[in-house]
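Remarks on the structure that follows.
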Amino acid sequence: MLAKLSDGYYLYLSTDHTELLATNCASAWIHRGVVSEYLVTWITRGRPYNGYEIAEEEENLVLRVANNSVVLKPGDFTKILPLMLTALAVREPKRLLNEKQEAKAREKERKRKEIFATCQYRNIALKIAYLGWDYDGLARQANTRDTIEEMTLQACEKCCLIYSARGYPLTRCGRTDKGVSAFSQVISLNLRSRSDNLEEDYDYAAMINNILPAKIRVLAWAEVGLEFDARFQVLFRSYRYFFPKCDLDIELMGRGTELLLGTHNFRGFCKADPSNPEPNFERTIRYFSCDLITECPDNPCYSIYAFTIIGNAFLWHQIRNMVSVLFRIGLRLESPKIVSDILKNTVKYSYQMSSEVPLVLFDCDFENIDWRIAPDLNLGPLWFEHAIKTTLIKSLIDKVDDGGGALRIKELGGLCDTKTQSITSRPFIK
């Protein structure tokens, strides 16, 4: 035996001096495997052995031995054995250091748990705005961390307002899909407090905004009761869907919006939830309009409009499907009567829904909530970036066609279904 290694391994040289071997207490022979990774690590760090610089030839030999690409000769062994043993000798101190660091981390975590178990909490409602283009939706998901809730909870954890973001309970006003934005989303959750006096407590909005990315902002916060539920206590939800006028007939689409007002079975305008065996597709739309937002006098095709839809609750993909049908009316591919025809049926016809990017949860309202408005939201840099990009692209369009070109909705892609076949003559989804 040449040396005793840590973790119960012993180092041997074969009787014919042709192999370097290691064995554990169970006498299971391992051919150079145990020592290889430590040897390579030691050599590649370029550390000398007691001031002895490693020659390039010797280093190559050691690396080849570690990779099982050469059999040791008796003469070679005397060169690399001191290096081998030195490399192995660093294992034990390193292992002890790791154990000490792990023990220190466990003790720190134990103390942190004790602090969070004994501190006081408040039930807080956060009003959040976000641009959802780069995120996978609002709600937490098992297969991604790029969601608004996950980002918000991670920020709360970094601020030491919650112990851990993993599985932390909360309620939300309205679940938005991947790519959808919100200007007035509300979530409620228990956050750590430092004072019984609300005026002396943390400025939750400022703390969380310091951690959140620029496209997610806490607009305001308020203390709410423990029984508060953002989903079931909201008075109304308001959505907006922005779009360019293009070659759309705004007046004709307005007639379609009127037919959607009131209480109807919206099965033909939504995606069924497979987890709900007894779904209720009846919903009430209190307001539906199509309004000019930004006018472009030089070329009306580039004027920006928005649908505003207000209701108590909405079905999965309901708004995007309604907008897609309205766009078909605006393109004169359907008459406004198509809205009534779809509402009469209890099936969902096969048609493409509109893009998620222009959709925004614009507003929601609650009773008896005293919102504390956040200080500076620092939205200027975000506006500057996108305003400049928009201006550059518009300038390019003007340079190419003198600003007189017609913008057609078919060219935008993904905004609506542009097939000529009527929706009600297509196959349907049960």
Test R140 against E150 for salt bridge (Lys or Arg N to Asp or Glu O under 4.0 Å), laying out the working first. CA-CA 6 Å; R140 288 169 289 182; E150 183 67 25; 5.4 Å; no
Please evaluate residues S193 and Q120 with respect to the criterion side-chain contact (heavy atoms from CB on, under 4.5 Å), reporting the C-alpha separation (whole Å), side-chain torsions for both, the decisive distance (0.1 Å), and the verdict. CA-CA 5 Å; S193 172; Q120 58 185 355; 4.0 Å; yes
Residue pair [X] / [Y]: nearest heavy atoms and the distance that separates them:
X	Y	answer
S340	L259	OG-CD1, 3.8 Å
R217	N209	NH2-O, 3.0 Å
G254	T257	O-OG1, 2.6 Å
R286	F236	NH1-CB, 3.4 Å
P169	L189	O-CB, 3.8 Å
R267	A272	NH2-CB, 3.9 Å

More than 12 heavy atoms of other groups within 6.0 Å of [X] [atom1]:
X	atom1	answer
R231	CZ	no
K215	NZ	yes
E251	CD	no
R112	CZ	yes
N197	CG	yes

Quick one: are [X] and [Y] in side-chain contact, heavy atoms under 4.5 Å?
X	Y	answer
L219	L377	yes
K113	Y163	yes
L226	N190	yes
M253	F327	yes
L315	N321	no
Y135	P213	yes
K348	F269	no
R332	L252	yes

Answer yes or no for R192 and F116: cation-pi contact, defined as NZ/CZ to six-membered ring centre under 6.0 Å and angle to ring axis within 45°.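 Output yes; distance and angle both within limits.
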Over-ring placement of K394 relative to Y302, 6.0 Å and 45° cut-offs: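 Because its charged atom sits under 6.0 Å from the ring centre and within 45° of the axis, K394 does stack over Y302.
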Verify the ring-centre separation between F243 and F307: is it less than 6.0 angstrom?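 Distance test on ring centres: under 6.0 Å, yes.
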Quick check on the 6.0 Å ring-centre criterion: do F314 and Y239 meet it?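 Centroid separation for F314 and Y239: below 6.0 Å.
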How many angstroms lie between [atom1] in [X] and [atom2] in [Y], if you round to the nearest 0.5 Å?
X	Y	atom1	atom2	value
I148	S181	CD1	OG	8.0 Å
I293	T308	CD1	OG1	6.0 Å
R122	D201	CZ	CG	4.5 Å
F266	L260	CZ	CG	5.5 Å
I187	T171	CD1	OG1	8.0 Å
I304	C296	CD1	SG	9.0 Å

Using the side-chain contact (heavy atoms from CB on, under 4.5 Å) rule, take V357 and F242 through it: C-alpha gap first, then chi angles, then the decisive distance, then the call. CA-CA 9 Å; V357 174; F242 295 84; over 6 Å; no
Who passes side-chain contact (heavy atoms from CB on, under 4.5 Å) against S324, sequence neighbours left out?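 By the side-chain contact (heavy atoms from CB on, under 4.5 Å) rule, S324 matches Y351, S354, C416, D417.
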Going through the distances and angles, do E295 and L292 end up as a side-chain contact (heavy atoms from CB on, under 4.5 Å)? CA-CA 7 Å; E295 187 176 10; L292 177 65; 3.9 Å; yes
Please walk me through it: do Y305 and T294 pass side chain to side chain donor-acceptor pair (under 3.5 Å)? CA-CA 7 Å; Y305 284 76; T294 305; over 6 Å; no
Ion pair [X]/[Y], N-O distance below 4.0 Å:
X	Y	result
E149	R172	yes
R110	E107	yes
E334	R328	yes

Quick one: side chains of residues 361-374, donor-acceptor pairs under 3.5 Å with protein atoms, not counting sequence neighbours, listed by atom name and distance.
unit_1 : atom_1 : unit_2 : atom_2 : d
D363   : OD1    : S184   : OG     : 3.4
R372   : NH2    : E199   : OE2    : 2.9

Let me see the working for K178 and E356 under salt bridge (Lys or Arg N to Asp or Glu O under 4.0 Å), right down to the final yes or no. CA-CA 7 Å; K178 178 179 181 179; E356 72 279 5; over 6 Å; no
Sidechain-backbone polar pair: [X] side chain, [Y] backbone, donor-acceptor under 3.5 Å:
X	Y	answer
Q185	G174	yes
R145	A142	no
E157	A165	yes
R194	E200	yes

Between I211 and C159, is the side-chain contact (heavy atoms from CB on, under 4.5 Å) condition met? List the steps. CA-CA 8 Å; I211 306 295; C159 294; 3.7 Å; yes
Examine the side chains of T144 and D136 and answer whether a donor and an acceptor come within less than 3.5 Å of each other.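 Yes, side-chain donor-acceptor contact under 3.5 Å.
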Check whether the side chains of S289 and Y287 place a donor and an acceptor atom closer than 3.5 Å, and report yes or no.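 Y287 and S289 do have a side-chain donor-acceptor pair below 3.5 Å.
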